[in-house]
Amino acid sequence: MTSENMVELKNITKKFGKDTAVNNLNLTVKAGEFLTLLGPSGCGKTTTLRMIAGFEKPTEGEVWINDQQVANVEPYKREVNTVFQSYSLFPHMNVFDNVAFGLKMKKTGKEEIAERVMNALKLVQLEGYIDRKPKQLSGGQQQRIAIARAIVNNPKVLLLDEPLGALDLKLRKQMQMELKHLQQSLGITFIYVTHDQEEALTMSDRIVVMNQGEIEQIGLPEEIYEKPTSKFVADFIGETNIFEGVVTNTQNEYADLNIDGVSIGIPKTISLVQDERVYMSIRPEKAKVSVTKDETAHLNGTLKEKIYVGSVTKIIVQLPNGREMVVNESGDSLRDVKAGNDVYVSWQPEETVVFKD
Amino acid sequence: MRPKTKKILFLFTTLIFMFFYIPIIILMAFSFNDSKVGTVWTGFTFDWYKSLFSNDQIISAVTNSLIIAVITTLIATVFGTLAALAIHRYNFPGKKAFNFLFYIPVVIPDIIVAVALLALYGWLDITLGISTVFPGHVAITISYVMLVVIARLAGLDASLEEAAKDLGANEWQTFWKVTFPLIFPGVLAGALLAFTISLDEFVISYFTTGPGSDTLPVLVYSMVRLGVSPEINALSTIMVLLIVIMVVITGRKMRVSK
Ligand SMILES: Nc1ncnc2c1ncn2[C@@H]1O[C@H](COP(=O)(O)OP(=O)(O)O)[C@@H](O)[C@H]1O
Ligand SMILES: [Mg+2]
């Protein structure tokens with residue numbers, strides 16, 4: 001390997017007729033990295049993956065894999081393997097032949113095939129199922145076979161298109177951990193597609209948030225969660241409270257943001273101009289609700305609802321401007337507070353995130 | 001479903017089955033009838049089977065029909081499958097027209113195909129014989145193969161072929177390892193259809209065959225004008241049995257490869 005960069009997308013655009021599925025995308029994936037493409041359905045994740053695998057030709061731009069421009073490299077010659085969204089196991093072959101398929105195509109020796117197939121099946125804990133046909137397996141087992149069928153080839157890059165989408169929640173959580181461990185122990189570069197932000201946050205080294213064929217933000221999971229750079233990312237990743245306001249003062253340590261007549265201090269993390277309209281976002285777990293007003297209090301309102309969700313209680317506060325705000329409380333300091341009572345919501349100004357669109 | 005409706009439906013189905021099968025069963029029974037005029041039962045015999053196998057005219061017609069059916073099936077199945085693949089997979093200018101042209105033989109009356117071919121042979125000054133029967137048979141059966149294979153291809157998950165390529169299979173390997181095994185039931189059904197259509201095709205064979213190379217339906221036609229011989233009953237019985245066996249075997253094969 002001559003370079004750190006395993007996959008590079010350079011100014012990639014893909015059009016289907018007049019529709020642009022992917023628009024001028026630039027992305028570098030490092031060797032051994034677990035990179036996730038995250039975004040709502042239809043934002044171009046699958047199309048991006050298919051251009052790396054070679055099933056779609058970019059309308060414009062270049063795909064580089066392992067320092068080679070692959071425009072004229074057929075899918076079957078690319079050093080990548082895919083785990084398809086629908087698994088796509090060969091229904092007429094048993095588990096062994098499914099997993100052995102890639103090795104047979106490379107004319108690997110019989111004994112080596114048997115050994116590597118069994119090793120791959122051991123990794124996904126299905127070595128006892130070699131004679132089964134895919135339809136005799138559960139969804140979770142089919143998923144594991146699809147993974148074994150790909151990793152048995154020792155690909156440089158593994159592309160995974162919502163591989164856990166069809167599994168129930170518990171199995172999905174379990175497979176997330178297994179996939180992550182597999183990726184770390186094999187050292188394969190993973191490009192993982194999902195629309196599930198929680199999945200992306202738990203598994204990835206880096207996350208690429210996509211929206212309408214374009215990259216909204218690239219960053220570490222913490223960065224994406226804690227420091228979204230746009231309203232779209234803040235809104236899409238996790239739960240949050242977003243307010244729009246006008247900048248009224250930029251002289252002090254914190255700038256003042258006027259939200260429907262209430263002035264709130266915001267950090268000057270981006271350049272702010274007097275009278276400019278900007279958004280601020282505050283996560284439910286970063287804010288506090290109290291019945292007594294203290295000097296950090298920012299907003300007052302009335303308690304609308306308390307929703308117990310297990311680990312925390314979600315407090316819905318009705319604000320005077322008609323909006324609602326969600327705050328997570330883990331203690332029981334609000335045990336005696338009832339719906340309709342006046343409450344105050346407060347937070348540290350540094351916890352707010354400010355962005356322009 | 002109301003019990004009464006169910007009963008009526010059951011009765012109706014039974015009637016249809018009787019309508020289909022009673023004539024065939026009577027025919028099979030009379031192939032063992034020890035009487036020259038096949039209307040009264042006079043006793044059991046294998047005589048008609050014996051005389052059938054010593055009747056050179058019939059044996060030669062059966063041979064002609066089988067040769068034509070086998071070769072027609074091979075040609076129609078190979079080219080019908082290829083055409084189906086082309087139509088399924090590629091977009092090319094004039095695809096719609098191409099598609100339409102292939103379906104015309106299904107609806108066009110056989111007599112038109114027959115007359116057209118006859119005119120063509122006359123114009124090209126080709127002597128009629130067994131080889132002049134093939135083009136007509138292939139023309140009508142190829143469309144059926146295409147119809148069946150296209151239906152099978154439409155139900156094929158395209159991502160399976162992509163998975164094969166993703167795992168290093170080139171076009172050729174992808175076809176033989178994945179596409180073909182999965183559409184095989186359709187190809188087999190198409191072949192079976194082509195075989196039976198060719199075997200009992202009459203109009204085109206009658207017009208385009210030459211003297212001395214009668215196919216079975218053509219021979220039977222000329223024989224029954226002089227009254228149905230019990231030999232024909234015997235022959236029909238054998239053919240029914242052969243076809244039943246064929247259908248059972250292909251049915252099994254299809255269930256296995258599903
Ligand atoms: N083969 C295709 N033909 C036409 N439009 C397509 C095709 N594939 C994808 N698209 C369109 O491109 C956009 C992105 O699709 P896709 O990459 O599948 O999104 P995602 O995987 O993020 O849900 C969608 O609007 C979709 O309708
Ligand atoms: Mg998708």
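Numbered from 1 within each chain, the chains take letters A, B, ... in sequence-line order.
In this structure the side chain of Thr174(B) never reaches within 4.5 angstrom of the side chain of Tyr76(A), judged on heavy atoms. Looking at heavy atoms from C-beta onward, Asp157(B) lies out of side-chain contact with Phe84(A) at the 4.5 angstrom threshold. Between Lys177(B) and Met105(A) the shortest side-chain heavy-atom distance falls below 4.5 Å.
Proximity to chain B (any heavy atom under 4.5 Å) is restricted, for Leu89(A), to the backbone atoms N, CA, C and O. Only the side chain of Asn153(A) comes within contact range of chain B, with heavy atoms under 4.5 Å apart. Of the atoms belonging to Arg78(A), not a single heavy atom falls under 4.5 Å from chain B. Contact of Glu162(B) with chain A is made through backbone and side chain together, with heavy-atom distances under 4.5 Å.
Surrounding CZ of Phe17(B) are at most 12 heavy atoms belonging to other residues, nucleotides or ligands under 6.0 Å away. At most 12 heavy atoms of other shown residues, nucleotides or ligands fall within 6.0 angstrom of atom NZ in Lys4(B). Applying the 6.0 Å contact sphere to CD of Gln212(A) captures no more than 12 heavy atoms from other residues, nucleotides or ligands. Applying the 6.0 Å contact sphere to NZ of Lys95(B) captures more than 12 heavy atoms from other residues, nucleotides or ligands. With a 6.0 Å radius and a threshold of 12 heavy atoms from other residues, nucleotides or ligands, His195(A) has its NE2 atom at or below the threshold. Heavy-atom contacts from other residues, nucleotides or ligands closer than 6.0 Å to OH of Tyr49(B) number more than 12. Atom CZ of Phe79(B) has 12 or fewer neighbouring heavy atoms from other residues, nucleotides or ligands inside a 6.0 Å radius. The environment of Phe202(B) atom CZ is dense: over 12 non-hydrogen atoms of other residues, nucleotides or ligands sit within 6.0 angstrom.
The line from CG of Asn170(B) to CD of Glu74(A) is 9.5 Å long, rounded to the nearest 0.5 Å.
Between Ala163(B) and Ser88(A), the shortest heavy-atom contact is CB-O, 3.9 Å. Residues Leu160(B) and Phe90(A) approach most closely at O-CE2, 3.3 Å, considering heavy atoms. Of all heavy-atom pairs between Leu182(B) and His92(A), the closest is CD2-ND1, 3.5 Å.
Looking only at distances, no side-chain donor or acceptor of Asp166(B) sits under 3.5 Å from a matching main-chain atom of Pro75(A).
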